[in-house]
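Here the structure is laid out as structure tokens; the discussion comes afterwards.
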Amino acid sequence: MATYQTQGFTLDDSGKRIVVDPITRIEGHLRIQVNVDKDNVVRNAISTGTMWRGLEVILKGRDPRDAWAFTERICGVCTGVHALASVRAVEDALGIKIPKNANTIRNLMHAALYAQDHLVHFYQLHALDWVDVVSALKADPRKTAEIQQLISTWKNASPAYFRAVQDKLKRFVESGQLGIFANGYWGSPAYKLPPEVNLLAVTHYLEVLDFQKEIIKIQTIFGGKSPHPNWLVGGVPSPINVSGTGAIGAVNQTTLNMVKDICDRTIEFIEQVYIPDLLAIAGFYKDWAKIGGGLAAKNVLAYGEFPTIPNDYSNKSLLLQSGVIIDGDLKNVQDVDLKAPDQIQEWVTHSWYKYAQEQNGLHPFDGVTEPNFVLGKDTVGTRTNIEWLGTEGKYSWVKAPRWKGHAVEVGPLARYLVAYARGNKYVQEQVNGVLKKLDVPITALFSTLGRTAARGLEAQYTAHMMLDFYNELVANIKAGDLATANVEKWEPKTWPREAKGAGPCEAPRGALGHWIKIKDTKIDLYQAVVPTTWNGGPRDAKGQIGAFEASLLGTPMANPAQPLEILRTIHSFDPCLACATHVISPEGEELVSVKVR
């Protein structure tokens with residue numbers, strides 16, 4: 001089989017097989033294989049996690065109060081979400097109630113992460129799938145300024161401003177390098193934006209690089225640093241002292257004023273830059289409202305997020321509701337129970353792990369992470385030089401989680417579909433408004449474009465949440481409530497001999513759960529099932545495909561030698577392979593060595 005490789009993808013001489021490896025721009029290593037027919041339409045897809053890391057074994061025998069500090073290192077992009085899920089799991093196991101201020105501060109930190117993460121995803125990780133950077137060199141800065149002034153009142157809207165950006169881009173090109181824009185399928189017929197809109201998007205790409213670091217300062221104010229802010233079982237580690245004296249690092253009037261300013265500027269940026277850009281770009285790609293839906297039109301899951309009542313993760317408390325939609329039945333949203341043994345299970349039939357009975361799935365409370373790297377008979381290549389992974393055997397370091405046996409999609413689109421179906425008025429107004437502006441039917445939600453739009457709307461929603469949580473915190477302080485932690489059950493001697501708990505959390509990328517078993521005050525078992533495990537997992541024992549694989553089926557490609565369409569759909573999930581893969585030996589030794597092409 002002769003193959004031709006360029007920019008990380010391989011196409012064989014029959015024109016039937018394409019490998020994009022790696023497909024992610026920043027976070028982890030993901031390999032996508034597809035088969036295309038004679039009309040260049042994707043007919044089969046394989047999603048493979050090719051990297052691994054692990055904390056389950058590392059945590060065994062440790063103090064459960066320290067688990068957040070280890071699990072937080074699972075990911076450096078959606079920083080803090082694993083810590084939040086971890087402290088919630090430990091608090092659930094030990095029956096620890098957190099103060100109102102702690103709940104509000106956690107919500108504020110988490111909402112800030114959503115806003116920052118979604119901005120970075122749209123511009124730095126996903127926009128270049130739609131925006132032709134080189135085309136921006138042909139733009140008329142005056143016309144770009146006119147477009148900017150037409151779609152929003154953003155302050156940076158003069159022809160001179162856009163000309164300066166264009167000149168900077170030209171210097172990149174003239175130097176023989178595109179710098180941060182070096183890798184791309186520029187000039188592909190799949191790009192549809194006019195040069196002026198491309199220049200607008202590139203300009204905002206650069207602006208977001210600067211502004212996103214301002215949003216995340218909220219993490220440092222309440223958590224001491226970012227990435228990996230500090231957390232605390234029983235609350236948050238940031239004391240409140242509005243007088244400005246006392247503990248170093250205490251939240252005071254000065255830091256509260258900073259938080260208020262960040263909240264205001266985040267709302268402005270998202271509503272004046274992100275949302276207008278999203279709608280403007282979407283207007284040129286309406287055909288993508290019918291591509292890339294996969295499981296979104298059928299099965300979605302959300303644990304829900306932003307509890308208004310401390311320790312209450314039921315729908316009466318959540319601002320983004322929890323639930324599962326099966327077979328597209330929006331009128332029958334089912335409840336999620338992280339502890340029910342028949343609901344959430346993981347399969348390893350096609351994953352490089354071993355179960356005693358691989359035809360069965362395991363609930364996280366019974367989770368096993370035992371490596372088993374074997375290649376199927378239909379794999380082409382060797383253990384260290386894999387050209388084509390077959391589907392007869394195991395083909396991924398990602399497990400295959402299922403909800404009551406169903407493959408589901410998680411993420412912003414899943415959250416918005418569940419919230420919409422649950423009757424969330426804010427979400428319904430947002431979604432209906434965008435559908436009207438784009439003049440597309442509600443079925444447009446079940447697509448790559450719908451997935452991308454849902455993330456933008458959620459960024460807007462959470463930006464307003466940030467301000468609401470800030471106002472709530474200030475009101476609590478003015479009422480004399482300064483408590484941020486509950487250490488009543490901090491001492492291990494007060495714990496039961498055995499306990500177990502589950503920590504639900506919605507990471508920006510989707511449903512995240514941590515499960516813990518505690519025995520004799522130490523961690524006896526720890527498992528995490530993360531968003532990209534749900535979305536990027538392989539086939540299960542029944543042959544059901546995961547969300548990544550399902551979303552690519554039926555995708556038409558303009559030019560298989562420039563697989564932009566594959567990038568668009570997979571990037572719309574914002575995959576995080578560092579979170580999804582997990583394996584390490586008890587001694588910390590390397591278990592296997594694999595080279596990716």
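Side-chain atoms are counted along with the backbone in the values below, which use heavy atoms only and exclude waters and symmetry mates. Quantities reported herein were computed from a predicted structural model and do not represent experimental measurements.
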Between [X] and [Y], is there a side-chain N and carboxylate O pair less than 4.0 Å apart?
| X | Y | value |
| --- | --- | --- |
| Lys339 | Asp92 | yes |
| Glu549 | Arg539 | yes |
| Arg106 | Glu91 | yes |
| Asp264 | Lys260 | yes |

Inset, instruction - Determine, step by step, whether Glu268 and Arg265 satisfy the salt bridge (charged side-chain N to carboxylate O under 4.0 Å, His left out) criterion, reporting the C-alpha distance in whole Å, the side-chain angles of both residues, the deciding distance to 0.1 Å, and the verdict. - result: CA-CA 5 Å; Glu268 179 189 28; Arg265 287 192 290 149; over 6 Å; no
Under the 3.5 angstrom rule, does the side chain of [X] hit a backbone N or O of [Y] as a donor-acceptor pair?
| X | Y | answer |
| --- | --- | --- |
| Asn103 | Pro307 | yes |
| Asn476 | Asp481 | no |
| Asn311 | Ile96 | yes |
| Arg422 | Ser322 | yes |
| Tyr313 | Pro504 | no |
| Ser351 | Val398 | yes |
| Thr255 | Val251 | no |
| Ser152 | Gln272 | yes |
| Thr308 | Ser317 | yes |
| Asn486 | Gly234 | no |

Inset, instruction - Could you check Arg88 against Glu305 for salt bridge (charged side-chain N to carboxylate O under 4.0 Å, His left out), going step by step and ending with a plain yes or no? - result: CA-CA 12 Å; Arg88 285 176 175 174; Glu305 193 49 87; 2.9 Å; yes
Atom pair [atom1] ([X]) and [atom2] ([Y]), whose distance is rounded to the nearest 0.5 Å:
| X | Y | atom1 | atom2 | value |
| --- | --- | --- | --- | --- |
| Thr462 | Ile270 | OG1 | CD1 | 6.0 Å |
| Leu59 | Gln527 | CG | CD | 10.5 Å |
| Asn471 | Leu108 | CG | CG | 10.0 Å |
| Asp261 | Leu256 | CG | CG | 12.5 Å |
| His514 | Ser86 | NE2 | OG | 6.5 Å |
| Ser447 | Tyr285 | OG | OH | 14.5 Å |

Inset, instruction - Could I get the full list of salt bridge (charged side-chain N to carboxylate O under 4.0 Å, His left out) partners for Glu458, not counting sequence neighbours? - result: Arg415
Inset, instruction - Output, in order, the C-alpha distance, side-chain angles, deciding distance and verdict of side-chain hydrogen bond (donor to acceptor under 3.5 Å, both in side chains) for Tyr355 and Thr349. - result: CA-CA 9 Å; Tyr355 284 175; Thr349 313; over 6 Å; no
Inset, instruction - On the 0 to 90° scale, with breaks at 30° and 60°, tag the His571-His126 ring pair as parallel, tilted or perpendicular. - result: perpendicular
Inset, instruction - Mind telling me whether His110 and Phe306 have parallel, tilted or perpendicular rings, with 30° and 60° as the class edges? - result: tilted
Inset, instruction - Applying side-chain hydrogen bond (donor to acceptor under 3.5 Å, both in side chains), run through Tyr123 and Asp277 and close with a yes or a no. - result: CA-CA 10 Å; Tyr123 288 96; Asp277 281 358; 2.7 Å; yes
Which heavy atom of [X] sits nearest a heavy atom of [Y], and at what distance?
| X | Y | value |
| --- | --- | --- |
| Ile98 | Pro310 | O-CB, 3.4 Å |
| Tyr114 | Ala507 | OH-O, 3.6 Å |
| Leu278 | Gly456 | CD2-CA, 4.0 Å |
| Thr266 | Ile262 | OG1-O, 2.7 Å |
| Tyr274 | Phe122 | CE1-CG, 3.4 Å |
| Gly80 | Trp231 | O-CZ2, 3.7 Å |

Legend entry - For Thr484, all residues meeting side chain to side chain donor-acceptor pair (under 3.5 Å), sequence neighbours excluded: none
Inset, instruction - Would you sort out whether Leu445 and Tyr416 count as a side-chain contact (heavy atoms from CB on, under 4.5 Å), showing the intermediate values? - result: CA-CA 10 Å; Leu445 292 173; Tyr416 259 54; over 6 Å; no
Legend entry - Pair Trp154, Glu207: side-chain N/O donor-acceptor within cut-off below 3.5 Å: yes
Inset, instruction - Decide yes or no for Asp574 and Leu125: does some side-chain heavy atom of the first lie under 4.5 Å from some side-chain heavy atom of the second? - result: yes
Inset, instruction - With the side chain counted from C-beta on, respond yes when His363 and Trp515 share a heavy-atom pair under 4.5 Å apart, and no when they do not. - result: yes
Inset, instruction - Show your reasoning for whether side-chain hydrogen bond (donor to acceptor under 3.5 Å, both in side chains) applies to Glu565 and Thr555. - result: CA-CA 7 Å; Glu565 295 85 354; Thr555 300; over 6 Å; no
Can you confirm whether [X] is buried at [atom1], in the sense that more than 12 heavy atoms of other residues, nucleotides or ligands lie under 6.0 Å from that atom?
| X | atom1 | answer |
| --- | --- | --- |
| Lys517 | NZ | yes |
| Lys290 | NZ | no |
| Lys542 | NZ | no |

Inset, instruction - Check step by step if side-chain hydrogen bond (donor to acceptor under 3.5 Å, both in side chains) holds for Thr569 and Thr448. - result: CA-CA 5 Å; Thr569 291; Thr448 296; 2.7 Å; yes
Inset, instruction - Scan for side chain to side chain donor-acceptor pair (under 3.5 Å) pairs involving residues 402-412, sequence neighbours excluded, and state none if there are none. - result: Gln343-Trp403, Arg402-Asp540, Glu409-Arg451
Inset, instruction - Could you please spell out the steps behind the salt bridge (charged side-chain N to carboxylate O under 4.0 Å, His left out) verdict for Lys286 and Asp439? - result: CA-CA 9 Å; Lys286 287 187 180 181; Asp439 190 26; 5.1 Å; no
Inset, instruction - Would you please test Tyr470 and Thr104 for side-chain contact (heavy atoms from CB on, under 4.5 Å) and show each step? - result: CA-CA 8 Å; Tyr470 165 81; Thr104 303; over 6 Å; no
Legend entry - Qualifying residue, where the test is ring pair (Phe, Tyr, Trp, His ring centres under 6.0 Å) with Trp130 and the options are Tyr205, Trp288, Phe284: Trp288
Legend entry - Evaluation steps, side-chain contact (heavy atoms from CB on, under 4.5 Å), between Val368 and Leu362: CA-CA 8 Å; Val368 174; Leu362 294 179; 3.9 Å; yes
Inset, instruction - Go through the steps to decide whether Thr48 and Trp397 satisfy the test side-chain contact (heavy atoms from CB on, under 4.5 Å), and finish with yes or no. - result: CA-CA 7 Å; Thr48 300; Trp397 284 109; over 6 Å; no
